[in-house]
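A short worksheet on the structure shown next.
We name chains A, B, ... by the order of the sequence lines, and we start the count at 1 in each one.
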2 protein chains.
Amino acid sequence: MVVNIRSSNQTRERIHDAGLALFNERGYTGTTVRELADAVDLTPGAIYNHYPSKESLLFAIIDRVHDEADTILSETLRGVGNDPVAQLEALACAFTAFHIARPRETRVANRDYIYLPSGERDSVVRRRRRVRALFAEVLRDGERRGHFSFGDLGSEDAVQAASMAILNMVVLVAEWFDPAGPRSADDTSALHGRLALRIARGGR
Amino acid sequence: MVVNIRSSNQTRERIHDAGLALFNERGYTGTTVRELADAVDLTPGAIYNHYPSKESLLFAIIDRVHDEADTILSETLRGVGNDPVAQLEALACAFTAFHIARPRETRVANRDYIYLPSGERDSVVRRRRRVRALFAEVLRDGERRGHFSFGDLGSEDAVQAASMAILNMVVLVAEWFDPAGPRSADDTSALHGRLALRIARGGR
DNA sequence: GCCGAGTATGAACGACCGTTCACGCAGAAG
DNA sequence: CTTCTGCGTGAACGGTCGTTCATACTCGGC
């Protein structure tokens, strides 16, 4: 048989999940391999049958949620027309729903990616930049076509600031959203879609 | 002489600064007392003449920047009338300027406060909540007086989401703002003031 | 029934962790 | 001049870190 990198995926997946939970609440550097092993009822050494290092587990977690984010964004974009207003609202709504559904994954990805070795960290940084560029592009497109306006803001190229405002609103929703609160995840996602339009002054 | 908790403040301050720089770029748990000692040309043991523990240094750093934030906010509020529109614009502008001026302090405070012992962490959480409440209160006040409107957003109590959108825009400005970029800190702060008004639909 | 591959154990590795402590030294106070 | 106090050193503390390894068990394929 060829070199088998993958292990019996069941255990590998349990380690992935436990790592996610622990990294989320203690941080990557604040989590030990022994805690991780305890969480999956294994010995520290056994972890290394499934991941070559603690860092590689962090990367697996972060890389996967970036894959999912990319999928969500491109599918959302594919499902809506080429009207920038509809695009922005749909993107902000869908991405908010995504962050509400995956609070631990996105928190670890956004907070602990700095602990990745430089090659993998660079790859993550590139992926993050691509998301920023996507939102900025929709805003710029909408401005060019007269649906959004930033001229009254008294600053040239306000698109960057506006797209970061939208993105930060979306990406940090899980820090305050309460699943037991009065507003549902769907409501909040839709609300963020509207707020994104306010920011771009594209409202109805 | 009475019990002297404070040490010769010069060295204490150098440790504070070095801790700030290191915690910022490596994270609290990713920073060693030995690295800290090296950065201030001291022996690890000497650190303990100035701070009783590594945790206490973290708390000193975080507590100070919270003090400064509170000062900025209350002075800003004192310097402007009681018009909610002016209040919101001034708060968003001043707080953005603050976060641009203190990127390391605010990043450490927002990212690493989770490593504080529970008593001190709770105190930090309370202070953060008070800032959130301040913005929410301005928005609610403005809505009551007809300057802001959230009724068209299709969600009851959109104030919370809107104030978090404003706060997250402001608090994370340092993650993308480039001091060497085309837009100055003052411009960006003013821009955030306007964007806050867009979010609250309080345009002029 | 044997074999080899996959997975686990438990002990151990050297390194490094936050913190302590006995001690030395400089300089202000008496 | 002596004493005391504040601040530093350097060595050491016990503990924990991420990782490795010899060994053993289990189980499907021959």
Side-chain angles (χ1 to χ4, degrees), chain A residues 1-23 25-62 108 112 114-118 120-121, chain B residues 1-23 25-62 108 112 114-118 120-121:
Chain A
M1 189 199 272
V2 262
V3 197
N4 187 2
I5 301 288
R6 282 152 229 272
S7 56
S8 119
N9 286 346
Q10 195 168 235
T11 306
R12 193 174 209 267
E13 203 55 29
R14 283 175 55 233
I15 296 172
H16 186 105
D17 289 350
L20 170 60
L22 286 167
F23 293 167
E25 68 183 62
R26 301 180 207 267
Y28 173 73
T29 48
T31 300
T32 65
V33 174
R34 282 164 183 81
E35 289 172 333
L36 186 59
D38 280 353
V40 289
D41 268 317
L42 242 43
T43 284
I47 302 288
Y48 291 84
N49 286 325
H50 303 274
Y51 292 90
S53 69
K54 189 187 168 196
E55 271 175 351
S56 73
L57 171 60
L58 177 63
F59 183 66
I61 290 171
I62 295 180
V108 169
D112 290 337
I114 60 164
Y115 299 112
L116 254 16
S118 59
E120 297 176 336
R121 187 178 57 236
Chain B
M1 188 198 272
V2 261
V3 197
N4 186 3
I5 302 286
R6 283 153 229 271
S7 58
S8 121
N9 286 347
Q10 195 168 241
T11 305
R12 193 174 207 270
E13 203 55 31
R14 284 175 52 234
I15 295 171
H16 187 107
D17 288 351
L20 171 60
L22 285 168
F23 293 166
E25 67 183 64
R26 301 180 206 265
Y28 173 72
T29 46
T31 302
T32 359
V33 174
R34 282 163 183 84
E35 289 172 333
L36 186 59
D38 280 352
V40 288
D41 267 316
L42 241 43
T43 283
I47 301 288
Y48 291 83
N49 286 325
H50 303 274
Y51 292 90
S53 69
K54 188 189 168 195
E55 271 175 352
S56 73
L57 170 60
L58 177 63
F59 182 66
I61 290 171
I62 294 180
V108 170
D112 291 336
I114 60 163
Y115 298 112
L116 255 15
S118 61
E120 297 176 335
R121 187 180 57 235

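- Here the side chains of A:Tyr115 and A:Arg121 are not in contact, with every heavy-atom distance at 4.5 Å or above.
- Here A:Thr31 lies in heavy-atom contact (under 4.0 Å) with sugar-phosphate atoms only.
- Rounding to whole angstrom units, CD of residue A:Glu35 and P of D:dT19 are separated by 15 Å.
- Note that CZ of A:Arg26 is 13.5 Å distant from CG of A:Asp112, once rounded to the nearest 0.5 Å.
- Scanning atom types as modelled, one donor and one acceptor separated by under 3.5 angstrom connect the side chain of B:Asn49 and the base of D:dG8.
- Rounded to an integer number of Å, the gap from CG of B:Leu58 to P of C:dT19 is 12 Å.
- Atoms CG (B:Leu36) and P (C:dC17) sit 12 Å apart, rounded to a whole Å.
- B:Leu42 comes within 4.0 angstrom of sugar-phosphate atoms only, judged by non-hydrogen atoms across all strands, and of no base.
- For A:Glu55, there are no salt bridge (Lys or Arg N to Asp or Glu O under 4.0 Å) partners two or more places apart in sequence or in a different chain.
- Protein atom CG of A:Asp38 is 14 Å distant from nucleotide atom C1' of C:dT9, rounded to whole Å.
- Between B:Arg14 and B:Arg34, the one whose closest nucleotide on DNA chain D sits nearer the 5' end is B:Arg14.
- Between A:Tyr48 atom OH and D:dT19 atom P there is a gap of 3 Å when expressed in whole angstrom units.
- In this structure, B:Leu58 and B:Val108 have side chains that are in contact, with non-hydrogen atoms separated by less than 4.5 Å.
- Between A:Thr43 and C:dA8 there is no side-chain polar atom (N or O) within less than 4.0 angstrom of OP1 or OP2.
- The CG atom of A:Leu22 sits 6.0 Å away from atom CG of A:Leu36, with the distance rounded to the nearest 0.5 Å.
- Atom CD1 of A:Ile15 and atom P of C:dG6 are 16 Å apart (whole Å).
- Comparing A:Tyr28 and A:Ala46, the nucleotide of DNA chain D nearest to each residue sits closer to the 5' end for A:Tyr28.
- Atom P of nucleotide D:dG10 and atom CD1 of B:Ile47 are separated by 14 Å, given to the nearest angstrom.
- Rounded to an integer number of Å, the gap from A:Arg12 CZ to C:dG6 C1' is 15 Å.
- Residue B:His50 places none of its side-chain N or O atoms closer than 4.0 Å to OP1 or OP2 of D:dG6.
- Of the side-chain N and O atoms in A:Thr11, none sit less than 4.0 angstrom from OP1 or OP2 of C:dG6.
- Checking the phosphate oxygens (OP1, OP2) of D:dT16, no side-chain nitrogen or oxygen of A:Thr32 falls inside 4.0 Å.
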